Amino acid sequence: MDEEDDCPELVPIDSQPGVPAQQIPVTIITGYLGAGKTTLLNYILTEQHNKRIAVILNEFGEGSALEKSLAVSQSGELYEEWLELRNGCLCCSVKDNGLKAIENLMEKKGKFDYILLETTGLADPGAVASMFWVDAELGSDIYLDGIVTVIDAKYGQQQLSEEKAEGLVNEAARQIALADLTIINKTDLVNEEELNQVRDTVRSINGLVKILETQRSTVDLSEVLDLHSFDSHDGARLAEKLQLVKSTRPHLDKSILTVTFEVTGDLSEDALNAFIQDLLWEKKFCNQQGEPMTVIRLKGIVSFASKDHQVMLQGVHELYELNETPQLWEQNARINRLVFIGRNLDKGILLEHFTSTVVLDTEKK
Ligand SMILES: Nc1nc2c(ncn2[C@@H]2O[C@H](COP(=O)(O)OP(=O)(O)OP(=O)(O)O)[C@@H](O)[C@H]2O)c(=O)[nH]1
Ligand SMILES: [Zn+2]
């Protein structure tokens with residue numbers, strides 16, 4: 001038909017599946033008190049780059065304010081709240097230099113294309129990350145790009161070694177468990193031995209995370225921004241990364257640690273959901289001492305019999321997602337790789353549950 005000639009070929013505006021066009025990335029910058037978060041933000045803001053960045057110094061990490069924003073999230077009004085933010089109404093959650101920077105930015109440009117959010121030192125970045133995640137599901141224009149945790153080279157070791165009351169998680173360790181990138185800052189204040197020690201501790205908590213070492217939080221911006229840590233279109237990169245991850249040993253008896261395993265074969269989607277929900281929601285799995293396993297961060301690449309594409313698994317606290325990646329299995333062996341970061345994790349027990357309930361029978365040898 002003639003009309004067909006007139007009709008332009010439809011092309012997607014954004015070539016990256018999984019990231020709708022126009023979405024603004026947000027990077028959460030977390031880290032214990034005084035580690036160097038603000039120094040990092042100031043550095044990023046003043047460094048040469050072609051991004052219009054908005055900085056939010058976050059207050060809702062504190063007490064009732066956090067509960068308030070989570071409550072808002074549950075009633076579904078969060079979308080609106082963040083939309084306002086996106087449109088420039090940042091003032092209420094911003095202070096100091098950050099505010100000036102954003103005010104100036106918006107006066108000049110009206111809009112920005114990157115958001116950096118500094119949480120307070122004691123905040124649980126998981127709660128903040130979950131908010132953005134839930135928000136993204138609601139069709140928000142903001143998506144979570146990554147969680148960056150700044151660690152004090154001098155005092156980090158001490159902060160990470162503090163014994164917490166029974167049942168409580170060490171916040172500094174939790175921040176590392178959740179991180180996509182860690183920055184060990186203030187290396188000028190420690191000798192090599194101390195630096196090795198803190199690096200080993202960080203690695204023992206999170207076997208997956210990238211570790212940078214800095215003075216005055218001076219980093220290559222490309223290593224901090226646009227990490228796409230939660231995007232399923234980066235499935236191939238995650239799959240590659242997961243291959244290199246090793247299970248870790250806790251630096252203290254009760255510490256957070258990383259457990260990873262790989263299992264060949266197809267999984268039952270329903271059974272995998274049940275497994276994850278038993279683990280994250282029901283806390284059904286216990287270690288040999290009978291203590292319930294707690295997962296803080298979860299990542300994986302898995303194979304479902306019905307799907308030609310690799311599927312990415314992401315979890316933050318009790319939220320998780322399974323998303324198909326653009327990556328095809330093709331002739332590659334269907335190897336499921338999972339990484340769990342949390343407390344009281346026992347690899348043997350997890351693996352046993354996984355192979356006996358989630359892997360399809362035909363594949364079991
Ligand atoms: N010696 C040294 N001091 C640093 C370095 N980086 C930052 N500082 C100093 O450490 C102090 C804390 O830095 P901030 O960037 O404010 O840390 P923060 O994590 O934002 O702190 P809070 O928001 O209070 O939790 C400041 O006095 C910084 O000047 C570094 O690499 N070496
Ligand atoms: Zn700060």
Side-chain angles (χ1 to χ4, degrees), residues 26-47 49 53-63 65-66 69 85 90-105 114-129 146-162 164 169-199 201-202 205-206 209-221 223-225 227:
V26 57
T27 293
I28 296 175
I29 300 193
T30 181
Y32 217 63
L33 300 169
K37 300 180 290 294
T38 304
T39 306
L40 175 64
L41 287 173
N42 286 336
Y43 175 74
I44 294 175
L45 283 176
T46 51
E47 201 33 22
H49 50 67
I53 300 174
V55 172
I56 304 173
L57 299 190
N58 153 284
E59 311 283 352
F60 36 66
E62 277 160 331
L66 172 65
S69 34
L85 271 178
L90 292 158
C91 310
C92 49
S93 34
V94 185
K95 59 183 184 190
D96 302 330
N97 293 336
L99 172 60
K100 279 230 172 60
I102 293 165
E103 277 178 344
N104 291 344
L105 254 159
Y114 210 103
I115 298 172
L116 296 172
L117 187 145
E118 175 185 346
T119 69
T120 60
L122 293 172
D124 170 8
V128 182
I147 302 170
V148 175
T149 300
V150 185
I151 300 147
D152 189 319
K154 177 91 179 156
Y155 295 109
Q157 184 65 27
Q158 189 183 321
Q159 289 154 357
L160 289 167
S161 303
E162 272 168 22
K164 299 290 161 179
V169 175
N170 180 308
E171 279 311 322
R174 189 209 295 274
Q175 291 170 345
I176 292 170
L178 283 162
D180 299 295
L181 170 71
T182 52
I183 298 173
I184 301 178
N185 185 44
K186 307 194 188 182
T187 56
D188 55 309
L189 300 181
V190 292
N191 61 34
E192 203 171 317
E193 195 186 326
E194 290 169 299
L195 183 59
N196 289 340
Q197 200 182 22
V198 71
R199 191 193 302 114
T201 302
V202 170
I205 293 167
N206 190 332
V209 78
K210 180 164 182 179
I211 303 174
L212 298 177
E213 290 159 20
T214 62
Q215 292 179 16
R216 303 250 141 227
S217 305
T218 304
V219 287
D220 192 335
L221 289 192
E223 299 200 270
V224 177
L225 305 183
L227 298 179

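In listed order, ligands and their atoms are each counted from 1. Because the structure is predicted, anything quoted here is derived from the model rather than measured.
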- Item | Thr30 side-chain N/O to Val150 backbone N/O, donor-acceptor pair under 3.5 Å | no
- Atom CG in Asp180, atom OG1 in Thr149: separation rounded to 0.5 Å? 8.5 Å
- Starting from atom 16 (O) of ligand 1, which protein heavy atom do you reach first, and at what distance in Å? Thr38 CB, 3.9 Å
- Query: Hey, is the main chain of Tyr32 close enough, under 3.5 Å, to the side chain of Gln175 for a donor-acceptor pair?
  - Reply: yes
- Atom of Glu118 closest to the Zn ion (ligand 2), considering N, O or S atoms: OE2
- Is the shortest heavy-atom distance from the side chain of Val198 to the side chain of Asp152 under 4.5 Å? no
- Backbone N/O of Thr214 and side chain of Thr187: donor-acceptor pair under 3.5 Å: yes
- Do side-chain atoms of Asn170 reach the backbone of Glu162 as a donor and acceptor pair under 3.5 angstrom? yes
- Message: Using a plain distance cutoff, I'd like to know if Glu118 has any nitrogen or oxygen under 3.5 Å from a nitrogen or oxygen of ligand 1.
- Response: yes
- Item | Top protein contact for atom 5 (C) of ligand 1, by heavy-atom distance | Lys186 CG, 3.5 Å
- Message: Test your reading of the model: is there a side-chain donor-acceptor pair from Asn185 to the backbone of Arg216, 3.5 Å cut-off?
- Response: yes
- Message: Can you check atom 27 (O) of ligand 1: any protein non-hydrogen atom closer than 4.0 Å?
- Response: no
- Task: Answer yes or no: does an N/O atom from Gln215 fall short of 3.5 Å to an N/O atom of ligand 1?
- Result: no
- Task: Looking only at protein heavy atoms, identify the closest one to atom 7 (C) of ligand 1 and say how far it is in Å.
- Result: Thr39 OG1, 3.5 Å
- Query: For Ala35, is at least one N or O under 3.5 Å away from an N or O on ligand 1?
  - Reply: yes
- Item | Min heavy-atom dist Gly34 to ligand 1 below 4.0 Å | yes
- ligand 1 and Leu33, any nitrogen or oxygen pair closer than 3.5 angstrom? no
- Residue and atom name of the nearest protein heavy atom (relative to atom 18 (P) of ligand 1), distance in Å to one decimal: Lys37 N, 3.4 Å
- Query: Nearest protein heavy-atom contact for atom 32 (N) of ligand 1: which residue, which atom, what distance?
  - Reply: Asp188 OD1, 2.8 Å
- Query: Looking only at atom types and distance, does a side-chain atom of Thr201 sit under 3.5 Å from a main-chain N or O of Gln157, one as donor and one as acceptor?
  - Reply: no
- Look at atom 31 (O) of ligand 1 and say which protein heavy atom is nearest, naming residue and atom and giving the distance to 0.1 Å. Arg216 N, 2.5 Å
- The closest protein heavy-atom partner of atom 17 (O) of ligand 1 is Gly36 N, 3.1 Å
- Donor-acceptor contact present, side-chain Lys186 to main-chain Lys154, <3.5 Å: no
- Under-4.0 Å protein heavy-atom contact, atom 12 (C) of ligand 1: yes
- Query: Has Tyr43 got more than 12 heavy atoms of other residues, nucleotides or ligands less than 6.0 Å from its OH?
  - Reply: yes
- Would you say Asn185 and ligand 1 have an N/O pair spaced under 3.5 Å apart? yes
- Item | Under 3.5 Å donor-acceptor, Asn206 side chain and Ile176 backbone | yes
- Message: Is Thr38 close enough to the Zn ion (ligand 2) that one of its N, O or S atoms comes in under 2.8 Å?
- Response: yes
- Message: Are any of the N/O atoms on Leu189, whether in the backbone or the side chain, positioned under 3.5 angstrom from an N/O atom of ligand 1?
- Response: no
